[in-house]
Amino acid sequence: MDTDRRSVLKSMAAVSAGIGFPVLMTGCGVADRSGPSPVELISWIVVMPNNTVRIRIPQSDIGQGVITTLSQVLAEELDLKWSLVRPEFFDPLTNLKRGNVYVYTCTESSWSADRLFNPMRTAGAQIRHMLLEAASRRSGISIADLRTEDSSIISPGGGRQSYAEVALEASRIRPPHPSRVRLKNPADYRLIGKPIKRLDLTPKTTGALEYGIDVDLPGMLYATVQQSPVYGGKLVSFDEKAIMGMPGVVKVVRIAAGPCGLNGPIADGGEDYGMDDAVAVVADSFWRAKKALQALPIQWEEGQFAETSSESIMADLGERVGLPQPVVREAGNFGEAIGRAHRVLEADYSYPFMDAMPLEPINCTAWLRPDGLQVWASTQFAQDAHRLAAVTAGLPPDKVQFNLPYAGGAFGRRCQNEYVSQAVQIAKAVPGRPIKLLWTREEMMARGYPPPITMSRFKAGLDDKGKVIAWFNRVVSGTAPDQSYGPARLPHYVPNLRIEYARIKTPQPFGWMRGVAFTQHVWMNQGFQDELAVAAGRDPVDLYMELLDESTVPVDLVDRDVAVRRIRHMRAVLNRATEIADWKQPLPRGRGRGVSVSDFSYWVTYHTGTAAAIVDITLDGVGGLRIDQVVVVLNCGRVLNPEVVRGQVEGSVFWAITNALYGKITLKNGRVVQRNFQDHDVARLATACRNVRVELVESDDHPAGVGEDAVPIVMTALLNAIYAAGGPRVRSLPLRDHNLSFRREAVVETNGT
Amino acid sequence: MNIELKVNGSLMRADVDDDTPLLWVLRDTLKLKGTKYGCGIGQCGACTVIADGEATRSCSLAATAAVGIEITTIEGLSPDGGQFVQAAWQDHRVPQCGYCQSGMIMAVTALLSKTLFPTDDEIDREITNICRCGTYDRIRAAIHAAANNRS
Ligand code: FES
Ligand code: FES
């Protein structure tokens, strides 16, 4: 690593470690006249005297690489020399004071590229214009005769002025209106679309990168927490005397229930997003705090869910799925069509609670001082965390400085900010001392935010040519925002259909786990469609192609053009995947191949990619499963950085494999049964597929999110492949609960051929 | 109690409780924060260090039991990321969030010190660390590359 980059990472670390507040966060162009100083230009960048440029990244980097890809976007338009680029995370307080200048700060729904591509290109172009104008004023050469290159302005004679030389002057120039700047022709891109190495690559291999858990402050105390073991329970009492004599114990703190966040996606579910009562022990080391908390006698009032279990919830869902529920979509006449169908199939699918389980356990550091509060948390939603911290502390927002370190994974779990509230409550109990709150893995798994537990009943009719003429789907799910679009907004065309959807209240609050509810419904729908294809003796690819018919998109659909384009993309990626995987090539006994295609954006107004997957597997006949190959073809519009995008797809593949093989959280007496990785395994090298092939479609479309597209399709293709290999039809998860021996008739069939 | 640990070639002193895992002494007492906490029960490997040549999960080893043992942490591999496994990790762009990678690199360094060219099956058996971001494909490729390119 070059020393220059190292020193910046160090200085980034110094900022995030809170040794003084970050420089120049307020006031444009504030500069010390006695010598060169850093100069901020329209909130997005700071030009340093040595001509390095700090780019403010208004998102959290949770492993998806935005610190690099978003830097590429702004640096492209600004013609920055890449080796001089120094990204830093945005400051929520400054953003608040400036009326949300960073446009979009919640890191969720695979939205970063989509939402920030235009604002960050525009900012780059505006700043470039300001620098040019400053250089023009200084040199008397007209802007038209100047050009920019490698963080410098070049005059016709070849003379160069660095950005740093003209930055102060530029800071006094009014930024041009965004509509007046001309953006580059994509054909001229030298950074966007290039496989540039992540800026944080080296410190991620040396252990030097600072995550939230690594924040270290002078005199810092450590805290760990026990929350109500039953969701919705209340704290009655604890016997602090029992542990106050233990070594290192400083304080026992009662933490009051409250919201997990104050705005954004979290508000959608209202009261369900609650943080329960908790008790924290503060000590001079984490280990001592943990031991003391274990020894602390605590009385809980367990509340309304004390008797609730996954079985009782499933029984409830099972009952409701047998009764009529509100119709959310109807077309043609399902009753009539099913009556004349040549063949009718029915099946029930279910989806358990799951947990995102990022590897870095939940943590937050807070420090209440007479002059204000400082907070460090690797959250997905720093703007919300900042506000929640201020409200919890009872301070005006401008007395709260929020620092956003890197996150060791997030996957939707860090959209909820309850731990920030907890840390601030603890900090209030030990004013003047910084405290680091760290949850144990056991506590994390006890308090996950699952996608909704769901049952889905299907009934469909085929005509004598194996065409789907009638489709019925009734979905009943646990606590979640209204996600009726999942089953209702099918890209698949069936002339007669009826969709019903209802929700019940279940103990855990809902969470936006990677892949969210799409994963459930893509799998359930296409699992059942695979059953239809098998029943009709048809190739599932042919059946999908028949269902993906752009000519049948209703003319009155608001976004008809988008829907048509999406269907075209789906057909194209599906086609391409069959070519790569050699779909028609028959497989020997015990091997199977499954296929799936999907587009999140067809369902709701996300802007994510279109993807198809084909998975090859082998069953050994005695329960063993090997995943031989995963092919994913993704159309995500313009690719900002192919290596980063590939990484996201590969990650989604293994995410899907974990969901399929192991994904299940069970409730018993209102408590989560699985408390650590020994109760809930995840994909590891031995279970991971050794052959993952990712193809990215070249496209000039607006960039789309890439973090989740492959999750539902890989899961679906994998589960369909198990049937194709002669294994069971899997209609519930995880696979570890199923016997993966060959089906009876499959054995007979295979023997007969 | 006061103990003396040999970490990355230096003797370091720490005052610890008898049962404090080495992980917390490294992180919170000695401020070597490259070693990570993921599960605390020996399942995830985020806390892997090398103890007398063996990949060891430091959450499951009492610091007092580590006295007299030669401990290497991620910080001890190289000052700048130039050690051959780290270099292979950079070439193959393995890390996503990066949180698991110190432990991965330590486990792989220990493996490659004993097995010059591990097979895929040996890798599966020996490297059982968890990566939730799903960098397994690149990890496998980087292990083979590191084995082939080591000087
Ligand atoms: S923290 Fe030691 S193995 Fe997970
Ligand atoms: S890179 Fe994130 S856990 Fe492995």
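Note that this is a predicted model, so its numbers are computed, not measured.
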Could B:Asp137 and A:Arg693 be called an ion pair, given the rule that one side-chain N must be under 4.0 Å from one carboxylate O?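 Salt bridge: no.
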
So for [X], is it side chain, backbone, both, or neither that comes closer than 4.5 Å to the heavy atoms of chain B?
X	value
A:Lys290	neither
A:Ile657	neither
A:Thr687	neither
A:Ile62	backbone
A:Val692	both
A:Ala356	backbone

Considering non-hydrogen atoms only, spot the tightest contact between [X] and [Y] and give its length.
X	Y	value
B:Lys33	A:Asp214	CD-O, 3.3 Å
A:Ala407	B:Cys97	O-CB, 3.6 Å
B:Tyr37	A:Glu442	OH-OE1, 4.5 Å
A:Phe654	B:Gly134	CD1-O, 3.2 Å
B:Arg140	A:Leu685	NH2-O, 3.1 Å
B:Tyr99	A:Leu359	CE2-O, 3.5 Å

Please check: side-chain N/O of [X] versus main-chain N/O of [Y], any donor-acceptor pairing under 3.5 Å?
X	Y	answer
B:Gln86	A:Thr205	yes
B:Asp17	A:Arg288	no
B:Arg93	A:Gly647	no

With a 4.5 angstrom heavy-atom cut-off, is it the side chain or the backbone of B:Leu32 that approaches chain A, or both, or neither?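 Neither part, no heavy atoms under 4.5 Å.
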
Under 4.5 Å, counting heavy-atom pairs only, tell me which of [options] racks up the most with chain A.
options	answer
B:Ala46, B:Gly42, B:Cys100, B:Gly98	B:Gly98
B:Ser78, B:Ala87, B:Pro21, B:Cys131	B:Pro21
B:Asp28, B:Thr73, B:Val94	B:Asp28
B:Glu75, B:Gln90, B:Met104, B:Arg125	B:Gln90
B:Ile105, B:Ile127, B:Ile41	B:Ile41
B:Cys44, B:Cys39, B:Gly81	B:Cys39

Kindly compute the distance separating [atom1] ([X]) from [atom2] ([Y]), expressed to the nearest 0.5 Å.
X	Y	atom1	atom2	result
B:Ile130	A:Asp681	CD1	CG	6.5 Å
A:Thr206	B:Asp80	OG1	CG	9.0 Å
B:Lys31	A:Asp216	NZ	CG	3.5 Å
B:Arg138	A:Arg646	CZ	CZ	8.0 Å

Would you say that more than 12 heavy atoms from the other residues, nucleotides or ligands in this model lie under 6.0 Å from the NZ of A:Lys194, or not?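 Enclosed: over 12 neighbouring heavy atoms sit under 6.0 Å from NZ of A:Lys194.
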
Could you check if a side-chain atom of [X] sits within less than 4.5 angstrom of a side-chain atom of [Y], using non-hydrogen atoms only?
X	Y	result
B:Gln101	A:Lys204	no
B:Leu23	A:Trp287	no
B:Thr135	A:Glu650	no
B:Lys36	A:Tyr211	yes
B:Arg132	A:Trp655	yes

Should A:Asp61 and B:Gln96 be marked as a side chain to side chain contact (heavy atoms under 4.5 Å, CB included) after you check the CA-CA gap, both sets of side-chain angles, and the distance that decides it? CA-CA 10 Å; A:Asp61 201 305; B:Gln96 288 189 25; over 6 Å; no

Could you give me the CA-CA distance, side-chain angles and deciding distance for A:Arg690 and B:Asp121, then say whether salt bridge (Lys or Arg N to Asp or Glu O under 4.0 Å) is met? CA-CA 11 Å; A:Arg690 291 182 191 172; B:Asp121 289 340; 2.7 Å; yes

Do you know which of [options] has the most heavy-atom pairs with chain B at a distance under 4.5 angstrom?
options	answer
A:Pro358, A:Ala683, A:Gly63	A:Gly63
A:Arg684, A:Arg441, A:Lys436	A:Arg684
A:Arg514, A:Gln648, A:Gln64, A:Lys291	A:Lys291

